[in-house]
Structure formats: structure tokens, C-alpha cells
Amino acid sequence: MNLNFDHSAEELFDSYLEEDISLFLWEMYQCWLLELSQMDKTHQEVENRQYFFQLLAAHVSKNLKQFQQKARAKKEDIPLQ
């Protein structure tokens, strides 16, 4: 499976509000847990996937904050006319 898509890293944050990103991540998490509950996964396999999701969410959150800081800095650098 190749999950390389032709999108810039910032496009996620340009395209969606922070609240929507959080909502979509929450929905993905719920769906994933539902899917895992229907599969024959061990307790450890489910925990590993939950940890992976926590890392993914933390990565998105960190990069969203960096994106917002850059956007604020960019706005402050633009002289008012």
C-alpha cells in the first residue's frame, strides 16, 4: 500500500479549521476502535494501535501549532497600508 499523496504538509491546515481537524481525528479514532473490535486482535495489538493514534494526533497538534505561529508571524510582518 502506497500512502504517498501529492499534497503539501501545510494543506491540511490551510483547508480545515482546528475544530474540524479535532472532530475528524476523533471520528477516525472511534471508527478504528469499532473496526478493531470486530477483528481478531489481541489486547496488545489494540494498545499498540491506540498508542500509534496518540502519536499521530500529537504530531498533527504540534504541526498545527507551528503552522498557526508561522501564520501569525507572517501577518505581523505585513505592513499595514
**Distance (rounded to the nearest 0.5 Å) between Trp32 CH2 and Leu34 CG** = 13.5 Å

**Prompt:** With a 4.5 Å limit on heavy-atom distance, are the side chains of Phe52 and Asn48 in contact?
**Reply:** no

**For Lys65, side-chain hydrogen bond (donor to acceptor under 3.5 Å, both in side chains) partners two or more places apart** = Ser61

**Asked** Do Asn63 and Gln66 come within less than 4.5 Å of each other through their side chains, counting heavy atoms only?
**Response** yes

**Prompt:** How far apart are the closest heavy atoms of Arg49 and Leu36, and which atoms are they?
**Reply:** CD-CD2, 3.4 Å

**Request:** Please examine the side chains of Glu47 and Thr42, heavy atoms only from C-beta on, and report whether any two atoms are closer than 4.5 Å.
**Result:** no

N/O donor-acceptor pairs under 3.5 Å from side chains in residues 8-17, not counting sequence neighbours:
unit_1, atom_1, unit_2, atom_2, d
Ser8, OG, Glu11, N, 3.2
Glu11, OE1, His7, ND1, 3.4
Ser15, OG, Glu11, O, 2.8

**Request:** Can you see which heavy atom on Val46 is nearest to which on Lys41, and at what distance?
**Result:** CG2-CB, 3.9 Å

**Prompt:** Could you give the distance from CG (Asp40) to CD (Glu45), rounded to the nearest 0.5 Å?
**Reply:** 8.0 Å

**Prompt:** Within the side chain of Gln38, is there an N or O that forms a donor-acceptor pair under 3.5 Å with the backbone of Glu35?
**Reply:** no

**Asked** Any link between Met39 and Tyr29 through a network of hydrophobic side chains (Ile, Leu, Val, Met, Phe, Trp, Tyr) touching at under 4.5 Å?
**Response** yes

**Euclidean distance, Glu27 CD relative to Asp20 CG, rounded to 0.5 Å** = 9.5 Å

